[in-house]
Asker: 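The structure is given below, and queries will be raised subsequently.
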Amino acid sequence: MPSLIYACSPTIATVASLTQNICKHPGKEVKLAFMQILGTADFTTSATPGTDITLQSVWTDKLALSTTSRIVLTPELENFAIPATEARAVETQSARRMVRLANGAAISVPFRIDSITAADVAEIRKMFALSNRFGQPTKLAFMPMYENNMVRAKKSTTNYFGIPIYSAQVSDPIKSIEDDWDYVTGSFMLPYGWSVGTELVDIAFSPFDLLQ
């Protein structure tokens, strides 16, 4: 009998513990979209065309803004990965010394951006100034946009929001020894449970067609 997980059969929908994203493959190449947390939805479902997260025109309009609703988009990142989070094991004071799982620690998400200009770095730094150290309220969020035409965002009913991030930083441009271009390294932090409430959304365009 084939595994339900690998077969991706229609019967998966009847298994409550499996999510709707079980068979989605977003890919390893991404662009990272950073936005300010304003308390209002960044995008919506297709029920509202003017803010539809799946439409390239809506994203293009957001990238062109100079207001607090603007989005800053990185160039393409290869092999981007978010490290796994782990719950902490806490030993209780019962007679049997039972172990329970507690919330885990935050994780640092590293990235490297190749072929980037000083102007691009300056824009990213302006946006990163909105982040705060972990444990304090942050005003910075992100959405990874994947090569297989998907974006991950937090969803609430028909609204989509960025995923809050902390302690965002980016280096000064570094000249590559092997290649004739500048690159930067950077990182930001995500809390344990960051993926709760997020969804991989199929979009109607390639994120690599978007220009900042």
Side-chain angles (χ1 to χ4, degrees), residues 26-80 82 109-132 138-156 158-173 181-188 190 194 198-212:
K28 294 182 179 180
E29 296 185 10
V30 304
K31 284 189 171 186
L32 302 181
F34 296 101
M35 63 278 297
Q36 183 172 346
I37 297 174
L38 298 172
T40 56
D42 297 298
F43 298 94
T44 61
T45 62
S46 58
T48 311
T51 51
D52 183 355
I53 194 172
T54 69
L55 297 182
Q56 183 173 349
S57 60
V58 173
W59 283 86
T60 299
D61 290 346
K62 289 267 191 181
L63 291 169
L65 293 174
S66 58
T67 65
T68 54
S69 297
R70 74 189 185 112
I71 286 176
V72 169
L73 190 66
T74 68
E76 179 181 337
L77 282 66
E78 296 184 356
N79 298 315
F80 175 77
I82 298 175
V109 181
F111 62 85
R112 168 175 164 156
I113 306 174
D114 290 311
S115 300
I116 191 169
T117 66
D120 289 336
V121 175
E123 287 301 309
I124 292 173
R125 279 188 170 154
K126 287 179 186 177
M127 190 63 76
F128 278 14
L130 296 169
S131 75
N132 207 341
T138 185
K139 297 295 290 182
L140 183 64
F142 91 119
M143 293 181 185
M145 305 184 75
Y146 294 93
E147 61 179 316
N148 291 337
N149 301 353
M150 298 179 198
V151 59
R152 183 176 290 279
K154 280 191 172 290
K155 186 178 183 183
S156 176
T158 60
N159 297 322
Y160 290 102
F161 301 83
I163 302 165
I165 60 177
Y166 303 81
S167 303
Q169 58 182 337
V170 64
S171 73
D172 289 308
W181 62 53
D182 287 344
Y183 71 91
V184 295
T185 60
S187 66
F188 54 85
L190 287 170
W194 67 267
T198 67
E199 180 179 294
L200 269 175
V201 186
D202 292 299
I203 54 179
F205 62 95
S206 168
F208 302 140
D209 291 337
L210 289 175
L211 299 177
Q212 181 66 52

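All heavy atoms count here, side chains included; hydrogens, waters and symmetry mates do not.
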Asker: Can you check whether D202 reaches T54 side chain to side chain, under 4.5 Å on heavy atoms?
Answerer: no

Asker: Mark yes or no for whether Q36, through its side chain, and L130, through its backbone, hold a donor-acceptor pair below 3.5 Å.
Answerer: no

Asker: State whether F80 and K31 meet the cation-pi test: NZ (Lys) or CZ (Arg) under 6.0 Å from the six-membered ring centroid, and within 45° of the perpendicular axis.
Answerer: no

Asker: Sub-3.5 Å donor-acceptor pair from the side chain of S167 to the main-chain atoms of F188, do we have one?
Answerer: no

Asker: Do any N or O atoms from the side chain of D42 and from the backbone of G162 form a donor-acceptor pair under 3.5 angstrom?
Answerer: yes

Asker: Of K154, R152, E199, which meets side chain to side chain contact (heavy atoms under 4.5 Å, CB included) against Y160?
Answerer: E199

Asker: Would F128 and F34 count as a ring pair (Phe, Tyr, Trp, His ring centres under 6.0 Å) here? Give the steps.
Answerer: CA-CA 8 Å; F128 278 14; F34 296 101; 5.0 Å; yes

Asker: Consider side-chain hydrogen bond (donor to acceptor under 3.5 Å, both in side chains). Of T45, T158, N159, T44, which one does T51 pass it with?
Answerer: T44

Asker: So which heavy atom on L63 is nearest to which on L211, and how close?
Answerer: CD1-O, 3.6 Å

Asker: Test the R112-Y183 pair against the cation-pi criterion, namely NZ or CZ under 6.0 angstrom from the six-membered ring centroid and within 45° of the ring axis.
Answerer: yes

Asker: Keeping T185 on the side-chain end and S171 on the backbone end, is there a donor-acceptor pair under 3.5 Å?
Answerer: no

Asker: With the threshold set at 4.0 Å, does a side-chain nitrogen-carboxylate oxygen contact exist between R125 and D120?
Answerer: no

Asker: Could you tell me the separation between the NZ atom of K62 and the CG atom of L210, rounded to the nearest 0.5 Å?
Answerer: 13.5 Å

Asker: Counting distance only, does the side-chain N/O of Q169 pair as donor-acceptor with the main-chain N or O of G186 below 3.5 Å?
Answerer: no

Asker: Check whether any side-chain N or O of S206 sits under 3.5 Å from a backbone N or O of F208 as a donor-acceptor pair, and report yes or no.
Answerer: yes

Asker: Taking W59 for the side chain and I53 for the main chain, is one N or O donor matched with an acceptor at less than 3.5 Å?
Answerer: yes

